[in-house]
Every structure is written in structure tokens, then in C-alpha cells.
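So the structure is just underneath, and the comments pick up after that.
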Amino acid sequence: MIGSHPDAPASLRPPLPRLLTRAELPRDTIALARFLLGKIVVRRLEGGLATGRIVETEAYLDGDPACHAYRGMTPRNRSLFLDVGHAYVYRCYGTCWMLNVSSEAPGTGAGVLLRALEPLRGIEHMRRARARASVKDLARGPGRLAEALRIDRSLDGIDLLRRGDLWIGSDGARTGAVGESVRIGLTKGAEARLRYYIAGSGFLSGSRTLNR
DNA sequence: TCGCGGATGAACT
DNA sequence: GTTCATCCGCGAG
């Protein structure tokens, strides 16, 4: 855990991650799901920045019955059809928001669900929304991740490759071994092994058996 | 540690 | 009216 106090002098704070460029993102959805592991989500909140390392993703492919774009474009899912690197945010089960990164070329509906973060910076800001959660549980699961970072519909469609209220960067950290499993919680397309995670991370959702 | 059920709201059929 | 990529708390083992 690398968090630091919000009032610390700037020189003592970890540097901001480098912004990713659109050119370096794979347009292939599976490749993007793997590429995003180890990258850093940066959220600008009142009070300061909150950041976390992506440790778990799921791929939702073109032509995949589990993908929201499967039946074509609708008002809800149109962000999935944007060029790679835009946010698709939707509400699930009435209570949770989900953050996805659009993948593929413009006009193709596919994306990567961000399922878990290792909190890095601004943990106290994330705790404002999730006061009862331990650091380990702050962003362990897609609904928790969105709650900790206060992500909602207002961020749907934004470009994640610009320094704004929500963006994705890299600190150059290398990702170790990547595990894969079936995706979690699905009723359609449940057999496909399209979930990816940083092996051994202590911040993963899912059961033990899925994470080995 | 696991599995269960309720809460909850919007999109879609 | 049905579906849903979740979370939380509870109770059993």
C-alpha cells in the first residue's frame, strides 16, 4: 500500500501516473483486458485524488451473449460502441454502478469491466463512501469499486485517456503472472474464461477457487 | 468459509 | 412484467 496523507507536501506524494495514449491501447478486447491489469485508475474527487491499481478485469466481446451490446446499440449501451478507452457506466441490480472501458474500433460494441482495484492513494476519500470497509474490501468487486470512487452515470461516455474527473494511467509497474477464470455472476456466456487477474493479489473479488 | 435471500431501479420485451 | 456483469447480512457447518 502506497497511500500518502492528502496534506503532505507535493514533493512527498507519489507522482501522477503517466497518461496512456490511444495508440498504445490494444483494440482487441481480450488483449485490452490483460493490458489494463496493473494500470492505475485516477479519480478526481472533492478533497483530492483517489487512485488504485487494476488487479481484476473481465472481457465482454463483440458477439458475446453476455455483452450488453449483443443485441445492438441502445441508449444505455451506446458508449460501448465508442473508440477504445471511453467509459461505459451503467447501473446494475438497482444498487450498484459498473465501470467498463470500451474496446475495439468505433462502431463495434465491446468492453472490459473493471472488477477490482488495489487502493493506492486517497484512501481516506474512498472511505468517505465506504466507511465500514477495510482497505482490502474498499474496491474488491465492481460495485464496490464504483462506490469507492463515486462513479455514476455522469461519467458515462467520457474519454479515459485525458486528465479529467476519471482517467487511466500507468506508473510503469510490471505485472507478474496473470490468472484467468470464468466471469463472475453471469447467466449468459457463463462458460467462457474471460476474467483476468493479477495472480496472488490480495485485492481480488471472487472465491478462492476462482483465483488459483 | 460458504450459500442463501432481499433491496433496488432502469432498460428492455 | 422480466431481467440483471451486486452487495450485505445472516445462519449453518
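Just so you know, these numbers use all the heavy atoms, side chains as well, and skip hydrogens, waters and symmetry mates. Note on naming: letters A, B, ... go to the chains in the order of the sequence lines (proteins, then strands), and numbering restarts at 1 for each one.
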Would you kindly give the [atom1]-to-[atom2] distance between [X] and [N], to the nearest whole Å?
X	N	atom1	atom2	value
M73(A)	dA11(B)	CE	C1'	16 Å
L61(A)	dA5(C)	CG	C1'	13 Å
E147(A)	dT6(C)	CD	P	15 Å
W97(A)	dA11(B)	CH2	C1'	12 Å
D156(A)	dG9(B)	CG	C1'	16 Å
D137(A)	dT6(C)	CG	P	16 Å
Y93(A)	dG5(B)	OH	P	14 Å
M98(A)	dT8(B)	CE	C1'	13 Å

To the side chain of [X], which of [options] is closest?
X	options	answer
T95(A)	dA5(C), dT8(B), dA11(B)	dT8(B)
R132(A)	dA11(B), dG9(C), dA5(C)	dG9(C)
R130(A)	dT1(B), dT6(C), dC8(C)	dC8(C)
C92(A)	dT6(C), dC7(C), dT1(B)	dT6(C)

Margin query: Quick one: does any side-chain atom of D159(A) pair with a main-chain N or O of H86(A) as donor and acceptor, under 3.5 Å?
Written below: no

Residue pair T209(A)/G94(A) against DNA chain B: nearer the 5' end by closest nucleotide is T209(A)

Carboxylate-amine/guanidinium contact [X] [Y], below 4.0 Å:
X	Y	answer
R195(A)	E56(A)	yes
D171(A)	K39(A)	no
E24(A)	R18(A)	yes

For dA5(C), the nucleotide meeting Watson-Crick or G-U wobble distances (both under 3.5 Å) is none

By the Watson-Crick or G-U definition, both distances under 3.5 Å, dG11(C) is matched with dC2(B)

- Message: Should Y60(A) be counted as stacked on dA5(C), where stacking needs a ring-centre gap under 5.5 Å and an angle between planes under 30 degrees?
- Response: yes

I want to check a possible cation-pi pair here: R140(A) against F203(A), using under 6.0 Å from ring centre and within 45° of the ring axis as the test.
no

Margin query: Does the structure place the NZ or CZ of R183(A) under 6.0 Å from the centre of the six-membered ring of Y60(A), at an angle of no more than 45° from the ring's axis?
Written below: yes

Exercise. Remember a base hit wins even if backbone is also touched, and classify N77(A) as base, sugar-phosphate or nothing at under 4.0 Å, heavy atoms.
Key: nothing

Assign each of A133(A) and L113(A) the nucleotide of DNA chain C bearing its closest heavy atom; nearer the 5' end lies the nucleotide of L113(A)

Derivation of the side-chain contact (heavy atoms from CB on, under 4.5 Å) call for I30(A) and Y196(A) = CA-CA 9 Å; I30(A) 291 176; Y196(A) 306 95; 3.3 Å; yes

Just N and O in the side chain of [X]: are any of them under 4.0 Å from OP1 or OP2 of [N]?
X	N	answer
R144(A)	dC8(C)	yes
R91(A)	dA5(C)	no
R71(A)	dT3(C)	no

The correct set of residues in residues 181-196 of chain A placing a heavy atom under 4.0 Å from DNA chain C is I184(A), G185(A), L186(A), T187(A), K188(A)

Practice prompt. Check the pair L37(A) / T57(A) against side-chain contact (heavy atoms from CB on, under 4.5 Å), numbers first and verdict last.
Written response: CA-CA 7 Å; L37(A) 292 176; T57(A) 61; 4.0 Å; yes

